[in-house]
Amino acid sequence: FGSHNKKRPHNLILGRMYNGHVLDMIELGIKNMKSLTSIKGPKHTIGSKPMFVFQGDQWEQNETYAKLRSLLLDMFVG
């Protein structure tokens, strides 16, 4: 879900739902968006899978980062 308002411009909201209830949700502020067409080089093809690298201790120690990692992996892995 994307949203834009005066207090929180350019936000992306990720969340998980089960049985009509929100399990968890996180809001990300987008500061420097680049479209896929502005990036030079080969683009993704049908059937390709994303690769995620979560480097650093904060992905294990910080609860917010751990939740974000979990949400991203659930969304893109299945």
Side-chain angles (χ1 to χ4, degrees):
F1 175 76
S3 71
H4 178 86
N5 61 39
K6 195 173 187 178
K7 287 186 178 181
R8 294 182 177 142
H10 312 298
N11 283 342
L12 180 65
I13 300 169
L14 303 174
R16 272 189 280 230
M17 292 184 71
Y18 178 75
N19 202 18
H21 294 83
V22 176
L23 297 177
D24 51 7
M25 180 172 49
I26 193 163
E27 185 175 13
L28 304 169
I30 307 300
K31 292 186 179 183
N32 186 11
M33 195 284 282
K34 293 183 182 180
S35 67
L36 189 59
T37 56
S38 70
I39 300 172
K40 296 178 183 176
K43 306 296 188 264
H44 63 85
T45 59
I46 295 174
S48 63
K49 296 181 181 180
M51 182 184 100
F52 291 97
V53 177
F54 299 100
Q55 186 173 357
D57 292 335
Q58 74 269 15
W59 293 104
E60 296 288 333
Q61 296 171 356
N62 187 316
E63 184 178 334
T64 303
Y65 281 97
K67 184 187 293 186
L68 177 59
R69 180 188 67 199
S70 177
L71 281 168
L72 288 172
L73 291 176
D74 280 354
M75 284 183 64
F76 288 98
V77 174

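All heavy atoms count here, side chains included; hydrogens, waters and symmetry mates do not.
Annotation for Ile13 and Glu27: closest pair CG1-CG, 3.9 Å, computed over non-hydrogen atoms.
With rounding to the nearest 0.5 angstrom, the CZ atom of Arg69 is 12.0 Å from the CD1 atom of Ile26. Put simply, NZ on Lys67 and CG on Leu14 are 11.5 Å apart, with the number rounded to the nearest 0.5 Å. Atom CD1 of Ile30 is separated from atom CG of Asn11 by 7.5 Å, given to the nearest 0.5 angstrom. In this structure, Leu71 CG and Met25 CE are separated by 10.5 Å, a value rounded to the nearest 0.5 Å.
Scanning for salt bridge (charged side-chain N to carboxylate O under 4.0 Å, His left out) contacts around Arg16 gives Asp24, Asp74, with sequence neighbours left out. Phe54 is linked by a ring-ring contact (aromatic ring centres under 6.0 Å, His included) to Phe52, Trp59, counting only residues two or more places apart in sequence or in another chain.
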